[in-house]
Colleague: 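Can you read through this structure? Questions will come right after.
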Amino acid sequence: MIIVMQFGASQAQIDAVCEVLRSHGVEPLVLPGEDRLAIGVPAALDPGKREHLETVLGSLDGVSKITQTSSPYKLASIEFHRDRTTVRAKRASVGPGAFAVIGGPCSVESYEQFSESARVVKASGATLLRGGAFKPRTSPYSFQGLQEEGLRILKQVGDETGLATVSEVMSGEMVPLVAEFVDVLQIGARSMQNFPLLVEAGRSKKPVFLKRGPSATIDEFLLAAEYVLGQGNPNVILCERGVMPLDRSYTRNTLDLSAVPVLKEHTHLPVVIDPSHGTGVARYVPPMAKAALVAGADGVMIEMHPDPKNALSDGSQALNPAQFEALMGELRALAGFLGLRMPSLA
Ligand code: PEP
Ligand code: MN
C-alpha cells in the first residue's frame with residue numbers, strides 16, 4: 001500500500017498518517033518525492049486490515065490517494081500459485097498445453113435437438129457439451145429453457161456420449177439440483193456478482209465456468225472467482241464473453257480479447273473465450289475463435305445448433321454443424337502450428 005500525500009501537505013498531516021499506521025502495527029516508510037511525499041507500507045497486510053486502514057487513512061486531511069501494490073485477490077492470483085490450474089470434468093480438461101472446445105446450442109430444446117448437437121460436437125473433436133436448461137432471458141416472455149426436463153436431457157446425452165456437460169445455474173438454491181445433473185456449473189454474465197450463488201457453487205466442489213459480467217473490471221471478475229475458490233473449490237474456468245459495446249448496430253457485445261493476456265499475467269486459472277455472445281453474429285464467430293487461440297486462450301465456447309434458423313434462443317449467433325466442423329478443422333491446424341494439443345473423444 002502506498003499513501004500519496006497532497007501537494008503541500010503539512011508535517012502534522014504526514015505525522016498523523018504515520019501515527020495511524022503505527023497504531024495498527026505497521027512501520028511507515030516515508031518516501032520524499034519531487035513535489036509531494038508518499039508513505040509506503042512495506043508489510044503485506046491481510047485483506048480485512050488493509051480495507052480498514054484504507055478507510056481510516058482516506059479520511060485524513062492531506063491524503064491525496066491510496067494505491068495498492070499487491071492484488072486484492074489472493075487465491076486467484078498467480079503471485080501465490082505459480083502452477084497454472086487445469087480443470088477436469090469427466091475425460092475433458094481445460095488448462096495449459098491444450099486447447100479445449102465447448103460446443104453446443106444456447107438452449108436444450110428437446111432430446112433430438114440436443115443429442116444431434118452432441119453427435120456433431122463429439123465427431124468434430126470437441127470434448128465439452130454446452131446447453132442451457134435454465135435461461136437468463138432479458139424478457140420474461142422469451143423462452144426460459146426446459147428447466148428440470150432440460151437437466152434430464154443433459155444428463156442422458158452426457159452419459160450416452162461421454163462428453164462433459166456445461167449448463168447454467170442462476171441461483172444459490174438451485175446449485176444442488178443442477179449439480180446433480182451436469183458436470184460443470186456455468187455462472188452466467190448476469191450472475192457474476194451474485195455472491196450467494198458463487199459461494200454455493202464453491203461449496204458444491206463442482207467445476208465452475210464463470211462468465212465475466214458485461215461491465216465487470218478484471219479485478220471484479222477475479223474477485224468473483226475468489227468467492228468460489230474461497231470455499232475450497234479450486235476448479236474455476238474464467239470466460240470472457242464480451243463487454244458492453246459502444247455500438248450495438250454491428251455486434252451484440254465487444255469481445256475483450258486483450259483480457260486473455262491480461263488474465264494470464266495475473267491468474268493461474270484457465271481462460272476461455274466465448275465469441276458467440278461476444279459478437280452475436282455467426283459469421284464473426286470463426287475469426288474471433290481463431291484469434292482467441294492465437295491470443296493464448298485455453299479454449300473457446302461456441303454456440304452450435306442443428307438448425308440455427310429455428311433455434312429457440314440465440315439462433316443468429318449459432319454456427320450450423322458444417323460451419324462448426326469447418327471451424328474445428330481450422331482450430332486444429334492452428335493449434336498444431338502453435339504446438340498445442342486438441343484432445344478428442346471421438
Ligand atoms: C449463454 O451462455 O447462453 C449465456 C446466457 O451467456 P452469458 O451469460 O454470457 O450471456
Ligand atoms: Mn446463448
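Computed from heavy atoms alone, side chains included, the values below leave out hydrogens, waters and symmetry copies. What you see is a predicted model, and the numbers here were worked out from it, not measured in a lab. All ligand and atom numbering here is 1-based and tracks the order in the structure. Residue numbers run from 1 in the order of the sequence given.
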Colleague: Report the relative orientation of the aromatic rings in His268 and His81; use parallel for angles under 30°, tilted for 30 to 60°, perpendicular for over 60°.
Modeller: parallel
Colleague: Of all the heavy-atom pairs spanning Leu238 and Ala225, show the shortest one and how long it is.
Modeller: CD2-CB, 4.0 Å
Colleague: Between the Mn ion (ligand 2) and Glu303, which N, O or S atom of the residue is the nearest one?
Modeller: OE2
Colleague: Answer with yes or no whether the side chains of Arg137 and Ser107 bring together a donor and an acceptor at under 3.5 Å.
Modeller: no
Colleague: State, without any angle test, whether His305 and Asp314 hold a side-chain donor-acceptor pair at a distance under 3.5 Å.
Modeller: no
Colleague: Taking the Mn ion (ligand 2) as the vertex, how big is the angle to SG in Cys106 and OD2 in Asp314, rounded to 10°?
Modeller: 90°
Colleague: Using distance alone, with no hydrogens and no angle criterion, decide if Thr217 and Asp219 have a side-chain donor and acceptor under 3.5 Å apart.
Modeller: no
Colleague: Using a 4.5 Å cut-off on heavy atoms from C-beta on, say whether the side chain of Leu222 contacts that of Leu263.
Modeller: yes
Colleague: With hydrogens left out, which residues have an atom under 4.0 Å from ligand 1, given that only heavy atoms count?
Modeller: Cys106, Arg130, Lys135, Pro136, Glu168, Gln186, Gly188, Ala189, Arg190, Lys211, Arg241, His277, Glu303
Colleague: Determine, for Arg84 against Asp298, whether the closest basic-nitrogen to carboxylate-oxygen distance falls under 4.0 angstrom.
Modeller: no
